[in-house]
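What follows is a short report on a single structure.
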Protein chains: 2
Amino acid sequence: MNPPSNSAPDDEERGPVLGWQAQKSASTRTQITEAAIKCFVEYGYSRTTTTLIAEKAGLSRGAMLHHFPSRLAVVRAAVEHLHSKRLRAFRKSVTKPSSDGDHVRQGVEAYWSHVRHPMFVAFFELAVAARSDKELASILRPAQEAFEREWHQAAVDVFPEWRGRGEKFDLALDLSRYVLEGMAISFLTHKETERDQRVLGYLDEKIRELAGLPKLTSESGRK
Amino acid sequence: MNPPSNSAPDDEERGPVLGWQAQKSASTRTQITEAAIKCFVEYGYSRTTTTLIAEKAGLSRGAMLHHFPSRLAVVRAAVEHLHSKRLRAFRKSVTKPSSDGDHVRQGVEAYWSHVRHPMFVAFFELAVAARSDKELASILRPAQEAFEREWHQAAVDVFPEWRGRGEKFDLALDLSRYVLEGMAISFLTHKETERDQRVLGYLDEKIRELAGLPKLTSESGRK
DNA sequence: TGAAAAAGTCAAAAATGATTGAAACCGGCT
DNA sequence: AGCCGGTTTCAATCATTTTTGACTTTTTCA
C-alpha cells in the first residue's frame, strides 16, 4: 500500500501529531464503518453481515475482524461515525447563509434535504432495528438524543426573533419534524408526486403563520 | 385437541360449508399467522424465525412446516391475514357513527388510533424490511396499495360535502397521513408528551380550515 | 382402516468469532 | 547503509452456532 498518499474517503479527524504511517491506516477503520453504513442503506440492518461489510470495504473478513473484533463493534463505530457525519452535514446546511433571507424556507429546505439523504436512511434502519434490539438501542440512544438537542438548538438559532413565544414555536418544530420525516419515510417505498410539493409549500405557509411573519405573496411554486 | 370449540383467536373467514372438522383445523393456520404477526411486533421482521413462530403459536416446528412449507409461505399468509384484519378494523372505526357529528375529529382520531395499534407496527416492520427485500416487497405491495385505496375512499365517504374541491382535499389527506404516521413512527422509539396533543389539535384545526368548516370554539383540550 | 395433523430427526447452508500465519513497517543498532 | 526484533496490518482457515427445509414417524379423528 501507500500510506502517505492515501486514497481513502476524505473524512477522518486529522490528529495534529499522528505521525506513524501505521496509525494513519486508521483510515481503514473509517473505510470499514463507511462500508457498513452503505450496507445498512443497501441491504438493511439485519442483512448487513460481516462478510458483506468486508466485501464492500475491499478487505478480507479476517482483516476487518482485526480492527473490530466483533460485528457489534463495527456497528458501534458505524453509529458513532454516522452520527458525527450527520451532525456536521446538518450544521453546515443550517448555517449556510440563506440565499434570500427567507429563514422559514431555508430551515424547511435544509431538513427536507437532510431526511432525503442516504445518511437518514441508514439512521432510520438502525432506529427501526433498535426497536426490538435493546443492545442496539443502548448504542443508538445517545447519538439520537444528541442529534435532537442539536436540531432544537439549530431551530432556536435560525429564528432568534421567536424567543419567548414557546408554545407556538414548539408546535411549529414538532409539526415540521413529523411532516418531513413522515414524508421521507413514505418516500422510501412510494415515489414522490407533485402533490407532495404542495405539502411542503403548505408547511412553509403554516410555519410563517405560527411565527407571525407576513405571507409570501406569489411564490406558490417551490423548485 | 378439540376441533369443535376452538380456542383460537376470533377471525377466519367462516366458509359456509366447510364441514370436516379436519378442515376446521385450518384455524391452526390462523394461529400460526397471528403468531407470526406478534413476532414481527415483538422481535422485528428479520429476527422472526420459523422456530420462534412455531413456539409462539404453541406448535412444533415440524407441525408448522406441514401447513406452510417454507418461511416465506408463512410470511405470505401473515401479510394477507394482517391486511384483511387491518382493513376490517379501519373500516369499522371509520364507519362508526361519530359521537358528536364532528367528522374531522372522528377521522383524525380513527387514523390516529389505527397507527398506534400493534397491527400498524407489524405492517411497518414489513414495509421497512421490504425496502431492501424485493421478494417481500412484491408480496407486500398489493396489500399496501389496496389499503391506500381504501383509505382514500374512506376519506371521500367521511367528507361527502368536499366533492369537487380536489386540491385542498388531497392536501388535507396528505398532511394528515404524514403527520399521523410521522408521529406514530416517532413514538415507536420516543415517548409521547403533552406537546403532541397540541399537534393533533392543530391538525384538526387546519383540516377544518381547508374544508371551509367553522372553527371549533372552546375545545382546545383533546382527551 | 386410512388420511390428515402433529411431532421429531437430519443434513445443508450461512454467519460468527477465534486462531494461526504471512507481509509490511517502525525503531534501533552495528 | 544494512540487518534485526517487535509491532501492526492483512489474510486464511477452523469450529461453533443458528436457521432452514426435507424427511420420517407418531397421533388423532372421521
Side-chain angles (χ1 to χ4, degrees), chain A residues 1-8 12 17-33 35-36 39-40 43-78 129 133 135-136, chain B residues 1-8 12 17-33 35-36 39-40 43-78 129 133 135-136:
Chain A
M1 293 263 179
N2 42 4
S5 82
N6 201 312
S7 68
E12 173 66 12
V17 268
L18 203 54
W20 331 341
Q21 292 169 294
Q23 203 74 359
K24 195 95 170 242
S25 187
S27 85
T28 304
R29 289 173 62 96
T30 76
Q31 222 176 335
I32 293 171
T33 55
C39 286
F40 294 156
Y43 306 105
Y45 176 76
S46 65
R47 302 173 73 184
T48 295
T49 66
T50 54
T51 309
L52 213 53
I53 298 174
E55 194 176 313
K56 179 142 293 208
L59 266 70
S60 82
R61 208 178 72 88
M64 188 179 82
L65 260 68
H66 166 73
H67 293 276
F68 300 101
S70 76
R71 180 185 189 275
L72 201 67
V74 180
V75 170
R76 219 183 302 269
D133 184 337
E135 200 163 18
L136 177 60
Chain B
M1 295 277 173
N2 43 2
S5 83
N6 201 311
S7 69
E12 172 65 10
V17 269
L18 203 55
W20 332 340
Q21 289 170 296
Q23 204 71 359
K24 195 98 171 243
S25 185
S27 86
T28 302
R29 290 173 62 97
T30 76
Q31 221 175 335
I32 293 171
T33 55
C39 287
F40 294 155
Y43 306 105
Y45 176 76
S46 65
R47 303 173 74 184
T48 295
T49 66
T50 54
T51 308
L52 212 53
I53 298 174
E55 195 176 310
K56 179 142 292 210
L59 264 69
S60 80
R61 209 179 73 89
M64 190 181 79
L65 260 68
H66 165 73
H67 292 276
F68 299 101
S70 78
R71 179 184 190 274
L72 201 67
V74 181
V75 171
R76 217 185 301 270
D133 183 338
E135 200 163 16
L136 178 58

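Letters go in sequence order (proteins before strands), and every chain restarts at 1.
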> C:dA14 P sits how many Å from A:R71 CZ, rounded?
Replying inline: 17 Å
> Nearest-Å distance, OH (A:Y43) to P (C:dA14)?
Replying inline: 15 Å
Scan the side chains in residues 56-63 of chain B for donor-acceptor partners under 3.5 Å anywhere in the protein, sequence neighbours excluded, and list what turns up.
unit_1	atom_1	unit_2	atom_2	d
B:K56	NZ	B:E42	OE1	2.5
B:S60	OG	B:A63	N	3.0
B:R61	NH1	B:T50	OG1	3.0

>> Measure CZ/A:F68 against C1'/D:dT8 and give the value in whole Å, please.
In response: 15 Å
> Under 4.0 Å between a side-chain N/O of A:T28 and OP1 or OP2 of D:dC10, yes or no?
Replying inline: yes
> Considering only heavy atoms from C-beta outward, does the side chain of A:T49 approach that of A:Y43 to under 4.5 Å?
Replying inline: no
>> Could you tell me how far apart A:H67 (NE2) and D:dT7 (P) are, to the nearest whole angstrom?
In response: 18 Å
>> Tell me the interatomic distance from A:E55, atom CD, to C:dA15, atom C1', rounded to whole angstroms.
In response: 14 Å
>> Quick check against the 3.5 Å criterion: does A:R47 have a side-chain atom that pairs as donor or acceptor with the backbone of A:C39?
In response: no
>> Side-chain N or O of A:T50 versus OP1/OP2 of C:dA15: is the shortest distance under 4.0 Å?
In response: no
> Quick check: does any side chain N or O of A:R71 sit under 3.5 Å from a backbone N or O of A:T48, one acting as donor and the other as acceptor?
Replying inline: yes
>> Once side chain to side chain contact (heavy atoms under 4.5 Å, CB included) is applied, do any residues pair with B:E135, and if so which ones, sequence neighbours excluded?
In response: B:L72, B:D133
> Is there a residue in residues 59-66 of chain A whose heavy atoms reach under 4.0 Å of DNA chain D, and which residues are they?
Replying inline: A:L59, A:S60, A:G62, A:A63, A:H66
> Could you state the CD1-C1' distance from A:I32 to D:dT9, rounded to the nearest angstrom?
Replying inline: 10 Å
> Can you list the residues that meet the side-chain hydrogen bond (donor to acceptor under 3.5 Å, both in side chains) rule with A:R76, with sequence neighbours excluded?
Replying inline: none
> CZ of A:R47 versus P of C:dA14: gap in Å, rounded?
Replying inline: 13 Å
